[in-house]
There are 2 protein chains.
Amino acid sequence: MHVTKPSPTARERIVAGAADMISRRGLNATSIRETAKHARAPLGSTYHYFPEGKQQLATEAVRLTGAWAARSLRKELEAGPVAGLRAFLDLWRGIVVDSDFRAGCPVLAVSIEEPPADETPTALAAAAGVFEEWEGLLAGSLREHGAEPEQAAQLATLIVAAVEGTVAMCRAKRSTQPLDHTAAQLQALIVGAIRD
Amino acid sequence: MHVTKPSPTARERIVAGAADMISRRGLNATSIRETAKHARAPLGSTYHYFPEGKQQLATEAVRLTGAWAARSLRKELEAGPVAGLRAFLDLWRGIVVDSDFRAGCPVLAVSIEEPPADETPTALAAAAGVFEEWEGLLAGSLREHGAEPEQAAQLATLIVAAVEGTVAMCRAKRSTQPLDHTAAQLQALIVGAIRD
DNA sequence: GCTAGACTATGACGGCTGTTATAGCCAGTG
DNA sequence: CACTGGCTATAACAGCCGTCATAGTCTAGC
């Protein structure tokens, strides 16, 4: 009686748990001890899998979330930019609602915490990369459907920024109304942009 | 030889410093000890002025920032929604650039940190109130200039969310390009909305 | 001058933090 | 069989955290 699906490894559980905890409490308030406990992994294992410590763990958590959202975005964009937007919004709406307005986007959370020292923190660079990946996917789809290149790039930035900001507003207000507002406005914007 | 301008009281210095530190490192990573030191105030004074502790201090920091931005917004909106948007964007652009991409919006920072327990945290409620104040100012101006009420409310939400998200993206990318993109898109949107 | 109340100074409390070190287990290989 | 290398368990380190308590200082009003 063992599971047929390959259950995630301890390493994967730690990264996924870290992403969830960061999305709820922010990077600084997410401790490695609790992350390990949450993943039912011993503390020692954390430093075995992530020898560079917390920065490495945060970096991988950001990249995991980025790839997860990008996968969904890429797939739904095949049906056009409006469908892609809808999928992107629904993805975050699900996180916000399922967590009772307690979780958000870990990429945003990492982006707004000051780097600890003078060196360039890898987690922050990873967050920038994730934002650029999302923007690139959206901009490409907009161009394919007739939007001007510059317009497409600007609109893609607006979409990513607005969704991230809206998720935060929903958490503060404990309401999904901001998501409804943003969804309606962005959808109309996209329709106007690809209609040339 | 004493200053003629009334120098801010210790209490005001503590709140302003807390707002700055929260905007850089997030709420959980901002310690009361460092806040007091940054304001050249003794630690004991912090609990004298803010008997309810960190929550109260965070709440006042959020409200201070909210009122500060609302004042600027209200004034510039007299020249129309486009001027208001420009002022709002420039205000945050100044913070991001002056801090070398290390500071952002403390209201956003408070919004994305999980409430500590089951009680309703006052700081989070204050953040929700600030967002609503900003949205109300923008929506009112949009309506006055001919936008449909529902359109005005939706657009106001989009503007606030997009600006907050864009500031975070600028910090991650260490670039003001996202602000340029968002500014162009939002300005065009407003022009279209008030042209009826 | 003197007293009340606002403010400061100092120290302590238990608890959590990131990180490292060291010793042990236990599967798989030869 | 031995043994190697991936993983675990446990403990320790120095340091910071929010909060509270207490004693001291200063200043405004009588």
Under the salt bridge (Lys or Arg N to Asp or Glu O under 4.0 Å) test, residues paired with [X] that sit two or more places apart:
X	answer
R143(B)	none
E76(A)	none
R11(A)	E60(A)
R13(B)	none

Between which nucleotides of DNA chain C, read 5' to 3', does contact with chain B run, using atoms under 4.0 Å from its heavy atoms?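 Terminal contacting nucleotides, 5' to 3': dA6(C) to dA12(C).
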For residues 65-74 of chain A, which residue pairs pass the salt bridge (charged side-chain N to carboxylate O under 4.0 Å, His left out) check, not counting sequence neighbours?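 Matches after skipping sequence neighbours: R74(A)-E133(A).
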Side-chain cluster (under 4.5 Å, hydrophobic types only) that V97(B) belongs to, other residues: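 For V97(B), no cluster forms, as it stays isolated from other hydrophobic side chains.
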Note: D98(B)-R93(B) ion pair, threshold 4.0 Å (strictly below):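 Result for this pair is no, no salt bridge flagged.
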Got a sec, which residues hit side-chain contact (heavy atoms from CB on, under 4.5 Å) with A109(B), two or more places apart in sequence or on another chain?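 In terms of side-chain contact (heavy atoms from CB on, under 4.5 Å), with neighbours along the sequence ignored, A109(B) is linked to I112(A), I22(B).
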E34(A): what forms a side-chain contact (heavy atoms from CB on, under 4.5 Å) with it, not counting sequence neighbours?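 Applying side-chain contact (heavy atoms from CB on, under 4.5 Å) to E34(A) gives M21(A), R25(A), S31(A).
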I need a per-nucleotide contact map over nucleotides 8-14 of chain D, read 5' to 3'. Cutoff is protein heavy atoms under 4.0 Å; write B for the base, S for backbone only, - otherwise. SS--B--
How many whole angstroms separate atom CD of E113(B) from atom P of dC17(D)?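 After rounding, the reported distance stands at 15 Å.
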Base, sugar-phosphate or nothing for E52(B)? Non-hydrogen atoms, less than 4.0 Å.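 Nothing: the residue E52(B), judged by heavy atoms under 4.0 Å, touches no strand.
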Show every side-chain hydrogen bond (donor to acceptor under 3.5 Å, both in side chains) that has at least one partner inside residues 167-178 of chain A, sequence neighbours left out.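 The answer is D100(A)-R174(A), K173(A)-E135(B).
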Using a cut-off of strictly less than 4.0 Å, decide whether Y47(B) has a side-chain nitrogen or oxygen near OP1 or OP2 of dT19(D).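 Answer yes for this pair, as a side-chain N or O of Y47(B) is under 4.0 Å from OP1 or OP2.
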Using a cut-off of strictly less than 4.0 Å between a heavy atom of the residue and any atom of DNA chain D, enumerate the qualifying residues of residues 17-32 of chain A by number.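 Contacting residues: none.
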